[in-house]
Number of protein chains: 2
Amino acid sequence: MEDLDRQIVRLLLADGRMSYTDLGRSTGLSTSAVHQRVRRLEQRGVIRGYTAVVDCEAVGLPLTAFISVKPFDPSAPDDLPERLSQVREIEACHSVAGDENYILKVRVAAPGELEHLLARIRSLAGVSTRTTVVLSTPYEARPPIT
Amino acid sequence: MEDLDRQIVRLLLADGRMSYTDLGRSTGLSTSAVHQRVRRLEQRGVIRGYTAVVDCEAVGLPLTAFISVKPFDPSAPDDLPERLSQVREIEACHSVAGDENYILKVRVAAPGELEHLLARIRSLAGVSTRTTVVLSTPYEARPPIT
DNA sequence: CGTGAAAGAAGCTAGTC
DNA sequence: GACTAGCTTCTTTCACG
């Protein structure tokens, strides 16, 4: 990827609402040139979209946890992502190497909800779980190095 | 938090570049009314900012890993977040309950970089590490339920 | 791939209820 | 808090190098 594109991506990571005019000023390109490049970055899937960064506590989800899961039956077909896709409390699902098969990141309002969520995950996906509760988050979602 | 605010937050999570005009149409408010509400949400820290969602592979960081860390000397003052704050490969740092003290999420270009990064983390923070390599990511950064 | 111009849309700020 | 109004700024397209 070209240096100008990298620069544009970096600027949009820092401020997803930056105007094309400002992007142009910062990169030394004309407004329409950045516009074109951003469109291409979106089409190629380099930029997947844009989102607000929200304080989870402020929206009533103060409890974050990581749940590592392992199937009861390792020979069964592995369709966990689909099975759990409608469980909206799951923010992320990573297939991992190591002792367990997946790591899930979840957000809930209270410990009681975590308990119900774990039961739901175990029965929906046929897995055993190991849960690590987050106490605090010094930082999260820092921009990558690009 | 009020229902209208919740709705606005949900819309901005789905599309961080949505215009105030469209937010108004979707919520039944006038443009300036949404504008005002969004400003307040930003001031209160409910909305922390806006960012582009980028495909990490496409920007040259195809390798993601979770690193759980435990201090060599549990009685030493715990300033890991500050000690590691300039390590840009670290995307997130969570203090956690359980066997280990912190979980770090990192992104690098290649296995060799992960090796160097681990050495750097161990010496900077005085910790032992346990690393879980991500093989694939069915989903990530899904919007919370609000 | 880049530029520049021009029309239309959206952002922003007051003043009013 | 929300609305209307009006000025400013940005977006978006297109013709051209």
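Letters A, B, ... are given to chains in the order of the sequence lines, protein chains preceding strands, and every chain is numbered from 1. Keep in mind that this is a model prediction, so the values were computed, not measured.
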Charged N-O contact under 4.0 Å between A:Lys105 and A:Glu91: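 Salt bridge: yes.
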
Side-chain ion pair, B:Arg107 and B:Glu140, N-O less than 4.0 Å: yes

Round to the nearest Å and state the distance from [X] atom [atom1] to [N] atom [atom2].
| X | N | atom1 | atom2 | result |
| --- | --- | --- | --- | --- |
| B:Met18 | C:dG11 | CE | C1' | 16 Å |
| A:Arg39 | C:dC1 | CZ | C1' | 13 Å |
| B:Asp22 | D:dC10 | CG | C1' | 15 Å |

Sugar-phosphate, base or nothing in reach of A:Ser32, heavy atoms under 4.0 Å: base

B:Arg37 side chain near D:dA2 phosphate (N/O to OP1/OP2, under 4.0 Å):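 Yes, such a contact exists.
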
side-chain N/O A:Thr31 vs D:dC10 OP1/OP2, d < 4.0 Å: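 For D:dC10, OP1/OP2 do not have a side-chain N/O of A:Thr31 under 4.0 Å.
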
Given [options], which nucleotide is nearest the side-chain atoms of [X]?
| X | options | result |
| --- | --- | --- |
| A:His35 | D:dA2, D:dC10, D:dT12 | D:dT12 |
| B:Arg25 | C:dA10, D:dT11, C:dG2 | C:dA10 |
| B:Gln36 | D:dT13, D:dA2, C:dT13 | D:dA2 |

A:Arg142 (side chain) donor-acceptor with B:Ile90 (main chain) under 3.5 angstrom: yes

Cation over ring face, B:Arg17 and A:Tyr20, 6.0 Å, 45°: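 Geometry flag: set, cation within 6.0 Å and 45°.
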
Identified stems (criterion: three or more consecutive Watson-Crick or G-U pairs, under 3.5 Å), DNA chain D: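 Consecutive-pair runs (3 or more) involving DNA chain D: C:2-17 with D:1-16.
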
